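Because the structure is a prediction, the values reported are computed rather than measured.
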Amino acid sequence: MVIWEPESLGILDLPSGRSIRGRGLRNPLPSGPLPTFGVYLTGKESPATEWDSVWVRWRDFWLPSDPAALRSALHEAWVRSETERVEIACGGGYGRTGTALAALAIVDGVPSQDATAYVRAHYSPRAVEMPWQRRFVTRFKK
């Protein structure tokens, strides 16, 4: 099993025991082990990485251009996070990343009406920045 170190920055521990790292791509790559899979939420295609990754087109402060692509990427992230180091990242690491982490918490079993609060309590109080991102989370279906 290849998982994140408990002291790693930006880790969201899900109720199932899976751990996902959220981060901002504008910040330097954190020290420590590299991810083995990443989901990158940006308006333009993300640069290539040394690890497997999926890009979801998602402009800053908005919603994903293709919600089905996000759902697919999050499902893969959730499955792989059982045995791999998975990260989800956008430019700053809060709005899009927080929204995706909240949707992933729903996949993991957190009720949709509680997912934003869960991510804010366990990842960052700044997560899920915009009102329409909060609505997206409450309407997200596994």
Side-chain angles (χ1 to χ4, degrees), residues 1-43 45-130 132-142:
M1 186 180 233
V2 182
I3 55 171
W4 294 109
E5 300 294 324
E7 66 277 357
S8 296
L9 295 175
I11 301 300
L12 172 67
D13 292 319
L14 295 169
S16 66
R18 290 169 163 86
S19 296
I20 308 285
R21 178 171 77 185
R23 74 177 179 101
L25 295 170
R26 289 191 294 263
N27 300 322
L29 188 65
S31 61
L34 295 174
T36 54
F37 180 68
V39 176
Y40 300 105
L41 315 167
T42 58
E45 191 164 2
S46 302
T49 59
E50 299 173 32
W51 49 89
D52 288 344
S53 65
V54 172
W55 169 59
V56 176
R57 183 182 300 275
W58 192 337
R59 288 184 15 217
D60 201 7
F61 299 109
W62 293 98
L63 296 173
S65 297
D66 183 351
L70 175 68
R71 186 174 285 103
S72 175
L74 293 179
H75 178 72
E76 184 174 359
W78 185 81
V79 169
R80 292 178 75 153
S81 68
E82 187 171 22
T83 58
E84 298 181 49
R85 285 186 303 273
V86 174
E87 77 172 4
I88 296 177
C90 66
Y94 300 107
R96 293 167 285 180
T97 296
T99 302
L101 289 172
L104 196 61
I106 294 166
V107 171
D108 199 65
V110 174
S112 61
Q113 68 272 16
D114 300 332
T116 295
Y118 183 88
V119 171
R120 286 179 174 172
H122 298 279
Y123 170 67
S124 171
R126 293 178 56 193
V128 194
E129 294 175 309
M130 307 308 292
W132 45 89
Q133 291 172 338
R134 289 191 295 277
R135 274 193 307 277
F136 180 83
V137 169
T138 60
R139 296 174 180 165
F140 187 82
K141 304 289 185 218
K142 294 185 200 187

Chemist: Could you please spell out the steps behind the side-chain contact (heavy atoms from CB on, under 4.5 Å) verdict for Leu63 and Gln133?
Modeler: CA-CA 7 Å; Leu63 296 173; Gln133 291 172 338; 4.0 Å; yes

Chemist: Roughly how far, to the nearest 0.5 Å, is CG of Leu101 from CZ of Arg96?
Modeler: 13.0 Å

Chemist: Report yes if some heavy atom in the side chain of Val137 is under 4.5 Å from a heavy atom in the side chain of Arg139; otherwise report no.
Modeler: no

Chemist: Can a donor-acceptor pair be found, under 3.5 Å and without considering hydrogens, that links the side chain of Ser72 to the backbone of Ala69?
Modeler: no

Chemist: If every non-hydrogen atom of Ala115 is compared with every non-hydrogen atom of Ala102, which pair is closest and at what distance?
Modeler: CB-O, 3.5 Å

Chemist: Test Arg57 against Asp66 for salt bridge (Lys or Arg N to Asp or Glu O under 4.0 Å), laying out the working first.
Modeler: CA-CA 7 Å; Arg57 183 182 300 275; Asp66 183 351; over 6 Å; no

Chemist: Pairing donors with acceptors under 3.5 angstrom, does anything connect the side chains of Tyr40 and Glu87?
Modeler: yes

Chemist: Applying the side-chain contact (heavy atoms from CB on, under 4.5 Å) criterion to Ile20, which one of Leu14, Asp108, Thr97 satisfies it?
Modeler: Leu14

Chemist: Walk me through it: do Leu74 and Val56 pass the test side-chain contact (heavy atoms from CB on, under 4.5 Å)?
Modeler: CA-CA 10 Å; Leu74 293 179; Val56 176; over 6 Å; no

Chemist: Please name the pair of heavy atoms, one in Arg135 and one in Thr138, separated by the smallest distance, quoted to 0.1 Å.
Modeler: O-OG1, 2.9 Å

Chemist: Could you walk me through whether Asp52 and Thr36 pass side-chain contact (heavy atoms from CB on, under 4.5 Å), step by step?
Modeler: CA-CA 6 Å; Asp52 288 344; Thr36 54; over 6 Å; no

Chemist: May I ask you to decide if Gly38's main-chain N or O and Ser53's side chain share a donor-acceptor pair within less than 3.5 Å?
Modeler: no

Chemist: Measure the OG-CZ distance between Ser19 and Arg85 for me, rounded to the nearest 0.5 Å.
Modeler: 12.0 Å

Chemist: Indicate whether any N or O donor in one side chain lies under 3.5 Å from an N or O acceptor in the other, for Trp58 and Ser65.
Modeler: no

Chemist: Atom CD1 in Ile106, atom NZ in Lys141: separation rounded to 0.5 Å?
Modeler: 8.5 Å

Chemist: Working to the nearest 0.5 angstrom, can you tell me the gap between Glu5 CD and Ile11 CD1?
Modeler: 9.5 Å

Chemist: Looking at every heavy atom in both Tyr118 and Asp13, which two are closest together, and how far apart are they?
Modeler: OH-O, 2.6 Å

Chemist: Does CG in Leu9 sit with more than 12 non-hydrogen atoms of other residues, nucleotides or ligands closer than 6.0 Å?
Modeler: no

Chemist: Would you say Ile3 and Arg18 make side-chain contact, with heavy atoms under 4.5 Å?
Modeler: no

Chemist: Could you grab the distance from atom CH2 of Trp132 to atom OG1 of Thr99, nearest 0.5 Å is fine?
Modeler: 11.0 Å

Chemist: Any side-chain heavy atom of Pro30 within less than 4.5 Å of one from Arg21?
Modeler: yes

Chemist: Considering non-hydrogen atoms only, spot the tightest contact between Tyr123 and Gly22 and give its length.
Modeler: OH-C, 3.3 Å

Chemist: Please step through side-chain contact (heavy atoms from CB on, under 4.5 Å) for the pair Val54 and Glu76, ending with a clear verdict.
Modeler: CA-CA 9 Å; Val54 172; Glu76 184 174 359; 3.9 Å; yes

Chemist: May I ask you to check whether over 12 heavy atoms, not counting those of Trp62, lie within 6.0 Å of atom CH2?
Modeler: no

Chemist: For the pair Trp4 (side chain) and Val86 (backbone), establish whether a donor and an acceptor sit closer than 3.5 Å, ignoring hydrogens and angles.
Modeler: yes

Chemist: Is the number of heavy atoms from other residues, nucleotides or ligands under 6.0 Å of Glu50 CD greater than 12?
Modeler: no

Chemist: Quick check for you: to the nearest 0.5 Å, what is the distance between Phe37 atom CZ and Thr83 atom OG1?
Modeler: 12.0 Å

Chemist: Using the ring of Tyr94 (Phe, Tyr or Trp, six-membered ring only), decide whether Arg120 places NZ or CZ under 6.0 Å from its centre and within 45 degrees of its axis.
Modeler: no

Chemist: So which heavy atom on Pro35 is nearest to which on Trp51, and how close?
Modeler: O-CB, 3.3 Å

Chemist: Which heavy atom in Leu41 sits nearest to a heavy atom in Val39, and how many Å separate them?
Modeler: CD2-CG1, 3.8 Å

Chemist: Compare all side-chain heavy atoms of Phe140 with those of Pro67 and state whether any distance is below 4.5 angstrom.
Modeler: no

